[in-house]
Amino acid sequence: MSITVHLPDGTALELAQGATGADAAAAIGAGLARAAIAVAVQRDGSEPQVVDLARPLESGVRIAILTAKSGPQALEVIRHDAAHVLATAMCELYPGVKLAIGPPIAEGFYYDFDLPEGVRLSDDDLPAIEERMRAHIAAAERFERSELSVSAARERFAAEGQDYKVELIDDIVRSAPAQAPVQTVSLYTNGPFTDLCRGPHAPDTSAIKAFRLQSVAGAYWRGDSKRPMLTRVYGTAFFSQKELEEHQARLEAARARDHRRLGRDLDLFLFSELSPGSPFWTPAGMTIFNELTSAWRALNSARGYHEVRTPILYDAELWRQSGHWEKYRENMYFTEVEGRQMGLKPMNCPAHIQIYKSARRSYRDLPIRYSEAGLVHRHEPSGVLHGLLRVRHITQDDAHIFCSEDQVQEEVRACLQFAFEIYELFDFDVRLELSTRPTQRIGSEEMWDRAEAALAGALDAQGLAYERNEGDGAFYGPKIDLHMEDAIGRSWQLGTIQLDYSMPERFDLRYNGADNAEHVPVMIHRALLGSFERFIGILLEHFAGELPLWLAPVQALIAPVSDPAAAYAQRVAERLRAGGVRCELDLRAESLGRKIRDAELRKIPYILVVGPKEAAASTVSARVRRRRKGAPPGEVEHHEQQTELDELCAELERERYPQSIRALRTPGGRLPTEALEQKLDIL
RNA sequence: GCCGACGUAGCUCAGCUGGUAGAGCACUUCACUCGUAAUGAAGGGGUCCGGGGUUCGAGUCCCCGCGUCGGCUCCA
C-alpha cells in the first residue's frame with residue numbers, strides 16, 4: 001500500500017502508507033529533511049493547514065514542507081515553540097505559576113502567566129528567563145504530541161492546579177459544533193514541560209535560532225477587564241540572529257518616528273501635568289494645524305458642506321435626550337452652573353441637530369451638510385492617553401449630513417470619495433471596515449437592519465472591498481471606518497462614516513416631503529481625518545517629521561554665509577514672504593555648517609545659502625530635501641542646486657500646495673488663513 | 001480604569017551600599033565673519049514630581065497621591 005501526495009511544483013510523490021511530513025521531506029532530499037520545520041497540508045478545496053512533520057499524511061493532499069525560508073507560516077511555528085520554551089523556563093523559575101495562553105502574534109509571541117502570590121515580574125527578570133530558555137533550546141528537546149481524552153486532560157491539569165487550562169478545555173468542548181463533539185485534546189511535551197496545545201510545533205526546540213524577550217505587561221484573562229490581571233511576557237523569535245537584529249533595528253527606527261519625540265524636538269506641541277491628555281500647540285505646531293484646517297475647509301466647501309460652529313457646554317437635558325447620558329456618561333465631563341447640570345459635548349451631533357431644528361425643513365433643502373472643526377471633550381481613562389493619538393479633547397473634522405432615506409447611498413458614496421480625495425493628498429492607502437451593531441445600543445432591530453444594509457449597499461455599489469467588524473458600531477448606528485497603513489507598515493484608524501436613524505427620532509427631526517407629509521431625515525456622521533490632533537500625530541510618524549512642503553511650519557531657511565551677505569539674504573526673505581512662503585532668516589554669528597545642521601535637524605524643506613556669489617548673480621544655492629528613491633516617506637536626502645531667485649519663487653509657488661487644494665484657492669489667490677497671515681504681516 | 005516600570009536643569013542622562021547635586025546639548029555674554037550637518041571661551045540655570053513617614057541626616061529607604069512610559073480593556 002502506498003499514498004500519493006502533491007508537491008508545490010505539481011509533481012506527485014509516492015510514499016509508504018502512514019508516511020509523515022518528515023518522510024516526505026526525506027524523500028525529496030536530505031537537506032530539506034534537515035531544514036524542515038513543519039508541513040502545510042491542503043485537502044482538496046480547503047485552506048492549507050500547518051501540521052507537525054511527525055503527523056501521518058493522507059493520500060491525495062497537496063503538501064509544502066516549511067523551512068526557515070517559508071516566511072510567516074514557518075516563523076509562526078517557531079514563535080509558538082518559543083512561547084512553550086518560555087513557559088518551560090517560567091515553571092522552573094517560578095514554581096506554582098499558573099499558565100494561561102501563549103500564542104504567536106504578528107511580531108513575535110507572548111505567554112500569559114498568573115504568578116504565585118507575592119511574585120512580581122519586571123524587565124530586569126527577563127535575562128534570567130532568557131538564559132533558562134537558552135538551555136532548553138541548546139538541549140534540542142523534542143516536541144512530542146499526545147492526545148488525551150477530555151476528562152483525562154481535565155483531571156491532569158486540575159491536579160496540577162492549572163485552572164486556566166481547565167477552563168480552556170471546557171471552552172474547547174463547549175464551542176465545538178454539536179455534530180462534531182470534541183472527545184480528545186492534544187498536548188505537547190518538550191523536556192520537562194507539557195502544555196495543552198493544538199500545535200503545530202517544530203520537531204525540537206533547536207529550531208528557535210534566535211529569540212529575545214522584550215517586555216513584561218499586564219493583560220486581562222480572556223481580555224476581559226472584569227477578570228484577573230495576568231502577567232504577560234512578550235518576546236520574538238527568528239530563524240537567524242541577523243533577522244532578529246534587523247527586527248530590533250526596525251523597532252529602533254519606529255521609535256525615531258515617535259510623534260511625541262518629534263513634537264518636542266521640532267517644537268510643535270507639548271503636554272503638561274496640569275491638563276493630562278491635552279496638547280498645547282506651539283506656533284510651529286499651530287501652523288500645521290491651521291494649514292490642515294484650511295485645506296479641509298476648502299475641500300468641504302467645494303463639496304457642498306456649510307461650516308458651523310457650536311458651543312461646547314450644554315444642559316445635561318440635551319445629553320439625556322441624545323442618549324449620551326445613558327450610554328456615554330462615563331466618558332463625559334459634567335459641571336454645575338447656577339444649580340443646573342451642564343455637560344461638555346463629547347460629540348457634535350446634538351449641536352448640529354439644534355441648527356437643523358431651528359427652521360422648518362423641506363425635502364428641497366436636503367441634503368443639508370454641516371461641517372465643523374468641532375472641539376469635543378471625552379474623558380479617556382488615564383491609562384490610554386498617548387501623545388496626540390489618544391487625547392481628552394479632540395478637534396474633529398466633523399460633519400453631519402441630514403438627508404432623506406433615498407439619498408443615503410449617494411451621500412455615503414460621496415463621503416467615501418471625499419475621503420479618498422483627502423487621503424490622496426498624503427499618498428495614503430486605505431482599508432475599509434464595516435462595523436455593525438454593538439451590544440450597548442439604542443434603536444430597534446429593524447432600524448439596525450436597514451442602516452447596516454444601506455452602508456453595505458454603498459460599499460458594494462462602488463465595488464469597494466471591506467472587512468466586516470461585527471459588534472463594533474457606534475451606539476446609535478453602524479459605521480464604515482477608514483484605516484491607513486503608514487510608511488513602516490503600521491495601521492491607523494482615520495475617518496469614520498456613521499449612519500444614524502436614531503438621533504433624528506430622538507430629537508424629533510422632520511422635513512416636509514414632496515407629498516406635503518412630514519418625514520424623518522436620516523443623519524450621517526462623518527469625520528475623514530478622524531481628528532486634527534490624531535491626524536497630525538499620524539502624519540508626523542508617517543513622514544518621520546519630514547512634512548510635505550505645504551504643511552512644514554518653516555518652508556525655507558535662508559542662511560547667509562557671513563554678515564556681509566545679510567542684506568541680500570533679507571531681500572531673498574522679503575521676496576519669498578511676498579509669495580506666501582514661510583521662511584526664516586538665520587542671522588546668527590555661526591558657521592555655515594552650523595546653520596545647515598540646525599536647519600536639517602528642524603527638517604526644513606528648503607535651505608537657501610546665500611553669499612557674495614549669489615548676491616552678485618541674483619541666485620540662491622538651494623539645498624533641497626528630497627525623498628530617497630525607493631525609500632518610505634520620511635527618509636530623505638539633500639541635494640544642492642544653484643537657482644535663479646525668480647525660478648525658485650516659481651518652483652515654490654508650484655510645489656506649495658497639492659494640485660487638488662491649489663485649484664480651490666479663493667479668487668484672491670490664497671486660502672483664507674493665508675490671506676489673514678498676510679494682513680498680519682502688513683500690520 | 002487595571003498590571004508593571006519610571007519621574008534629577010529646557011532636552012538626554014549620571015549620581016555606588018543614605019552624608020544637603022553633576023555632564024553633554026540648549027540658553028546668555030564675549031571673541032571669531034565662516035561656502036553646504038556641530039568655532040572657541042566664559043557664565044547663568046535645579047521646590048531632585050507632590051505630600052507624609054523612618055533617620056542625627058533622604059535625590060537615595062517606606063507609604064499615599066499625581067504624571068509619564070510599555071501593555072490590557074476602551075477608543076477619533
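Just so it is clear, the values below take in all heavy atoms, side chains as well, and ignore hydrogens, waters and symmetry mates. Letters A, B, ... mirror the listed sequences (proteins, then strands); counts begin at 1.
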From the set [options], return the single nucleotide nearest to any side-chain atom of [X].
X	options	result
A:D563	B:rU33, B:rU73, B:rG4	B:rU33
A:R597	B:rA37, B:rG35, B:rG71	B:rA37
A:I596	B:rA26, B:rU36, B:rC34	B:rU36
A:A219	B:rU33, B:rA76, B:rC72	B:rC72
A:Y234	B:rG70, B:rG71, B:rA37	B:rG71
A:E380	B:rC72, B:rC75, B:rA38	B:rC75
A:L592	B:rG70, B:rG1, B:rC34	B:rC34

P spacing across the pair B:rC16 / B:rC11, given as an integer number of angstrom:
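Going atom to atom, P in each nucleotide, I get 22 Å.
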Gap in Å between the two P atoms, one belonging to B:rA9 and one to B:rG24, rounded:
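The answer is 16 Å between these two P atoms.
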Is any N or O donor-acceptor pair between the side chain of [X] and the base of [N] shorter than 3.5 Å?
X	N	result
A:Q396	B:rA76	no
A:R594	B:rA38	no
A:R378	B:rC75	no
A:Y220	B:rG1	yes

Pick out which of A:R257, A:R261, A:R255, A:R490 makes a salt bridge (charged side-chain N to carboxylate O under 4.0 Å, His left out) with A:E541.
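The passing option is A:R490.
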Cation-pi check, A:R79 onto A:F109 ring (under 6.0 Å, within 45° of axis):
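Judged by the rule, A:R79 and A:F109 form no cation-pi pair.
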Now, which nucleotide makes the Watson-Crick or G-U wobble pair with B:rG4, with each of the two distances under 3.5 Å?
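In the structure as shown, B:rG4 has B:rC69 as its Watson-Crick or wobble partner.
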Is the shortest side-chain N to carboxylate O distance from A:E485 to A:R431 below 4.0 Å?
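Salt bridge: no.
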